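Fair warning: this is a prediction, and the values are worked out from it, not measured in the lab. Each chain gets a letter, A, B and so on, in the order its sequence line appears, and its residues count up from 1.
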There are 2 protein chains.
Amino acid sequence: MKCLTKSAEDKIKEAAIKVFLEKGFDGTTTRDIAKEAGVNSALMNYYFRSKEKLFLAIFDEMFQLFFQGVLEIFNKPDSLEDKIIGMIDYDFESCKVNPDLTNFIINELHRNPERSIINYPIKQLCDHSLFAQQLKVSIDEGRIANVDIRHLLLVMKSNIQFLFQTKIMTMKIWNMTENEFNVYADRHKIIVKDMILNYLFSSQK
Amino acid sequence: MKCLTKSAEDKIKEAAIKVFLEKGFDGTTTRDIAKEAGVNSALMNYYFRSKEKLFLAIFDEMFQLFFQGVLEIFNKPDSLEDKIIGMIDYDFESCKVNPDLTNFIINELHRNPERSIINYPIKQLCDHSLFAQQLKVSIDEGRIANVDIRHLLLVMKSNIQFLFQTKIMTMKIWNMTENEFNVYADRHKIIVKDMILNYLFSSQK
DNA sequence: AACAATTTTAATCAATTGATTAAAATTGTT
DNA sequence: AACAATTTTAATCAATTGATTAAAATTGTT
């Protein structure tokens with residue numbers, strides 16, 4: 001981003017991110033993307049060769065974004081408890097900023113696992129994280145419940161992501177306004193934090 | 001289903017359920033459905049008038065199926081604790097039988113909220129359920145944590161549905177086989193049950 | 001300024017899509 | 001059996017889709 005005017009390639013990529021996330025691969029036409037980018041529709045093929053290649057160019061990036069909260073906090077010098085709280089807060093805010101992301105990742109992986117290739121080494125980054133180490137020590141010392149890191153991460157992600165994934169459904173079912181949903185979501189976050197921390201720290205079994 | 005041979009209309013509807021759930025509205029062509037049903041592709045329009053009307057004919061039914069576990073257990077004569085366990089078990093098994101359902105409902109509501117109309121009165125059925133009443137009594141008597149039914153239901157659904165929604169992602173990230181995932185899922189169910197019951201029953205606050 | 005390389009455009013392509021039509025086949029009723 | 005109503009079929013439609021092409025415009029280099 002060293003020039004003031006974005007290159008056509010960047011404009012297409014940014015437009016692709018926006019439209020793909022909104023409508024999914026199947027619901028997106030190459031003309032949608034060109035229009036959103038404000039470029040001639042043949043340019044998409046000039047720079048990216050095909051709709052599928054353009055999709056590939058953005059998918060892994062979006063996948064990384066999906067795990068950014070976890071990854072950023074993994075190696076901070078905070079306590080285990082603070083990290084768990086931090087990850088939940090981070091995911092919560094991310095879902096507000098980027099409401100289509102979770103659905104996009106899950107749906108594309110579900111619809112076309114072969115196309116949606118993941119290059120990002122989550123497992124390695126996780127296994128070698130300070131977080132994993134802190135968790136192991138805490139378990140060994142009997143300070144928290146014996147729970148594998150994969151289950152812990154999933155519980156955190158499930159409760160926040162699903163809350164926002166089902167936002168429209170929730171609003172329809174319970175007759176909520178946008179504001180009422182926000183209150184509901186804030187309350188839910190508190191419950192989820194309590195529930196997870198309570199499970200980990202006060203129920204040695 | 002009083003005749004041995006299914007009517008074309010039924011065959012189309014069944015095929016529509018299968019294909020729509022697999023590929024979503026955008027990813028499905030009317031020819032896909034006709035082929036799956038084994039009927040001439042013009043028959044779809046003869047019986048349902050359009051792709052969208054056929055979609056509407058199955059969406060509400062699928063939405064109902066999504067909540068079937070909860071609804072079936074709501075008014076059973078079991079204890080609150082048994083019902084919570086029962087709902088988790090039911091959802092867990094449903095996700096195995098119908099792995100596309102959660103994604104379908106969430107994604108279609110997300111993609112096109114206007115098209116995906118919900119007629120099923122979840123709120124009424126919930127508010128007037130024995131479950132809601134049991135929950136209220138237990139809270140009033142101080143036997144469980146003070147948590148609104150909407151949060152409780154969401155926590156149960158989140159942790160099970162998201163587990164299966166992210167099955168492919170989980171298997172890719174952690175390098176799991178199908179069998180390893182099943183072990184992982186079984187273990188996760190136990191953790192989720194423990195966590196929820198523990199939060200409700202042993203942490204009055 | 002002259003030229004080559006790169007980028008952008010308008011026009012167009014074949015394939016696919018949701019949908020319609022008119023005729024054919026089947027079914028039910030008298 | 002004769003007939004009308006219903007169901008099914010093959011053929012076809014216009015619109016949309018991802019992609020290509022050849023020419024035009026722009027940019028960078030000498």
| request: Please answer whether the main-chain N or O of Pro113(B) pairs with a side-chain N or O of Lys172(A) as donor and acceptor at a distance below 3.5 Å. | output: yes

| said: So if I define the base as every atom that isn't primed, P, OP1 or OP2, how would nucleotides 7-26 of chain C read as a B/S/- string at a heavy-atom cutoff under 4.0 Å? | reply: BBBB------BBBBB-----

| message | Can a side-chain donor-acceptor contact be found between Gln161(A) and Gln165(A) if the only test is distance below 3.5 angstrom? | response | no

| query | Between the side chains of His188(A) and Asn159(A), does any donor sit under 3.5 Å from an acceptor? | reply | no

| Short question: side chain of Glu108(A), backbone of Phe25(A) - any donor-acceptor pair under 3.5 Å? | yes

| field | Counter-base of dA24(C), judged by Watson-Crick or G-U geometry with both distances under 3.5 Å | value | dT7(D)

| message | Under 3.5 Å, is there a donor on one side chain and an acceptor on the other for Asp91(A) and Ser94(A)? | response | no

| message | Checking base pairs now: Watson-Crick or wobble, both atom distances under 3.5 Å. What partners dA14(C)? | response | dT17(D)

| field | dA2(C): pairing nucleotide in any strand, Watson-Crick or G-U under 3.5 angstrom | value | dT29(D)

